[in-house]
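First comes the structure, then the notes that go with it.
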Amino acid sequence: MENATAQEPYLRTSVLVVGGSIVGLATAMFLAARGVPTIVIERHPSSSPHPRATGFYPRTLETFRTVGLDVSFPGAKTGDSPRRRRVESLTGTWFEEQNWTPKSESDTPKQKASDFSMYKGIGIAQDRLEPLLRQRASELGADVRMATTMLSFTQDETGVTAELRSPDGDLYQVRAQYLVAADGGDSQIREKLGIARTGVGHIRTVRSVLFTADLDEYLSSGANQFSIDQPDFNAFLSTYNDGRWILMFSDDEERDETQLLEMIHRAIGPRKVDVELVTTGRWKLGGLVAERFSDGRIFLAGDCAHALPPNRGGFGANTGIEDAHNLAWKLAAVLAGESAPELLETYDAERRPIAVLRHDQIFARDDINVSLGVSLPKVELFDDAAMELGQLYRSSAVLGAGPDLPPARMPDQWNGQPGTRAPHLWVEADGERTSTIDLLTHEWTVVASSAPWAAAAAGMEAETGISVTALLLGTDIVSPDGDDVAAAFGLAPGGAALIRPDGYIAWRSGPADDPRAALAHALAHVASAARAAQALQEGTTR
Ligand SMILES: Cc1cc2nc3c(=O)[nH]c(=O)nc-3n(C[C@H](O)[C@H](O)[C@H](O)COP(=O)(O)OP(=O)(O)OC[C@H]3O[C@@H](n4cnc5c(N)ncnc54)[C@H](O)[C@@H]3O)c2cc1C
């Protein structure tokens, strides 16, 4: 980062991230981990005292793991998707469990996302998680500026200039090569760019109250979300697993402290417990996806790009964190000159369909339709595990993901299909037990079942400008548990799979006559490898 001087009126950086809530912080953390000079600004001095998200998926935790942030958060509660009960009140009569995805008729229990990851989901309040991301982003070199507001911005062919206000009220300018708009659902950046949104739209504004109460014993059944169903009172009660509870009303009425306490006690029911009010919140519920996730040098991420209502475990923050993870390696590759800027076009191509898919899946569920009164045409329902770990990317950064394929499947049904996340398997590498996720989420990697691919990978940096690591099955990776790693990656004898730095499979090949040429050709496409693409154009790559 270069500071402003009399001769140089700007503070310069590679990426300016506007919005330092969960998605902006994740973006800064992933960028900094790849060595990208990054400034992230947040207009508030700290995280919102009223947490929103609490449910984080295994995939989110996998992405954190790639930057050395493990899930041993103090007070975190691990488990599968939250379970919800319809109740008269928490300490009164309980009715049936409300399933998010209807139970299947088969006797075989449904596989969960945690069956395909080294992680279970985690329950941790957003205001406890954000400081950990902030700290990790700073440790990795991001410049995190709290109480700093962006007032205006302009972009041109070479970058973006933003006017910022410091905590002391001083105004200064930042010049960045790229800007990431993580400024939330009411994003002024998106508005100024004139990017419209589509979807079910704004449904309703609701209020909530956050309080503390000693009620943890009511969580022992495994349910941690409760639909309060009384003749003249419907609300939603849930916990942040740290003594704090949220009561979400279904209306936008302002209530004073006495009224809030009365409603809380109605939701708690017959048992008298001490309650302390913490704060209140007001939320817009709806479903809106931006029509474009980028404009020139500006990229939309998180709620700015897609406002999705809370579901079981939450698509909002989780989807936003995956946006950040998808975008960070692409920005890093382009800024390093390894990939041509066209690679950045794949961000919209890959992430927008995921947001639309999740939007449609949320509103295809009966219980959201009932609680929000929205009815959409029915679509095929995908299991949570398919949505979280079995989504398919189709873009020029993937070769071989045709339009005939479904947008999501259970992870073990893909068998190494390009466009999907490389599967998690426990393997032994360098004598240590590790997950394939740990091996495949840092750089371009070839997983190969024959040695010529390793020799081909070794020459790629010189040929294409992109360094490729090779992992030879049976030599570099062995399965201590007897798993068929080749089958999990769908590798034919003599074949190979090319994995992107975000752990997604970019391309797969059977045995090739000339692995070096095949790999260079693939990289020219899926990595927009600047040098290889040029060679291809000039016809010098065989
Ligand atoms: C009750 C509730 C429960 C939820 N539970 C879950 C859950 O369990 N799991 C899940 O995945 N999701 C959940 N969500 C959704 C989740 O909270 C959001 O998706 C997430 O907060 C979006 O993060 P974001 O960083 O994109 O946007 P935001 O959190 O809205 O942050 C945007 C930030 O940008 C800052 N900003 C805006 N403009 C500027 C500017 N000009 N200069 C500087 N800073 C600026 C704002 O101050 C703000 O901090 C829940 C939401 C609610 C309401």
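Because the structure is predicted, anything quoted here is derived from the model rather than measured. Numbering of ligands and ligand atoms starts at 1, following listing order. Side-chain atoms are counted along with the backbone in the values below, which use heavy atoms only and exclude waters and symmetry mates.
- Annotation: side-chain hydrogen bond (donor to acceptor under 3.5 Å, both in side chains) contacts of Asp251 (sequence neighbours excluded): Arg255.
- Below 4.0 Å from some heavy atom of Gly302 lie the following atoms of ligand 1, by number and element: 26 (O).
- Any N or O atom pair closer than 3.5 Å counts here, and Thr149 shares no such pair with ligand 1.
- By the 30° and 60° cut-offs, the orientation of the rings of His306 relative to Phe293 is tilted.
- Where the criterion is an N or O separation shorter than 3.5 Å, residue side chain and backbone included, Tyr240 fails it with respect to ligand 1.
- Legend: residues meeting salt bridge (charged side-chain N to carboxylate O under 4.0 Å, His left out) with Arg500, ordered by chain and number and at least two apart, are Glu350, Asp502.
- At under 3.5 Å, a nitrogen or oxygen of Ala317, whether backbone or side chain, sits near a nitrogen or oxygen of ligand 1.
- Of the polar atoms of Gln188, none of the N or O atoms is found under 3.5 Å from an N or O of ligand 1, judged by distance alone.
- Between Trp94 and Phe226, the ring center distance clears the sub-6.0 Å criterion.
- Residue nearest to atom 6 (C) of ligand 1, selected from Ala324, Ala305, Ser46, Ala53: Ala53 (by heavy-atom distance).
- Every atom of ligand 1 is numbered from 1 in the order shown, and the set under 4.0 Å from a heavy atom of Met248 is 1 (C).
- A salt bridge is defined here as a Lys NZ or Arg NE, NH1 or NH2 lying under 4.0 Å from an Asp or Glu carboxylate O, and Arg165 with Asp170 fails to meet this definition.
- Under the 3.5 Å distance criterion, the side-chain polar atoms of Arg207 are matched with a main-chain donor or acceptor of Asp252.
- For Ala301, no nitrogen or oxygen atom sits less than 3.5 Å from a nitrogen or oxygen atom of ligand 1, counting backbone and side chain alike.
- Residue Thr54 has at least one N or O atom closer than 3.5 Å to an N or O atom of ligand 1.
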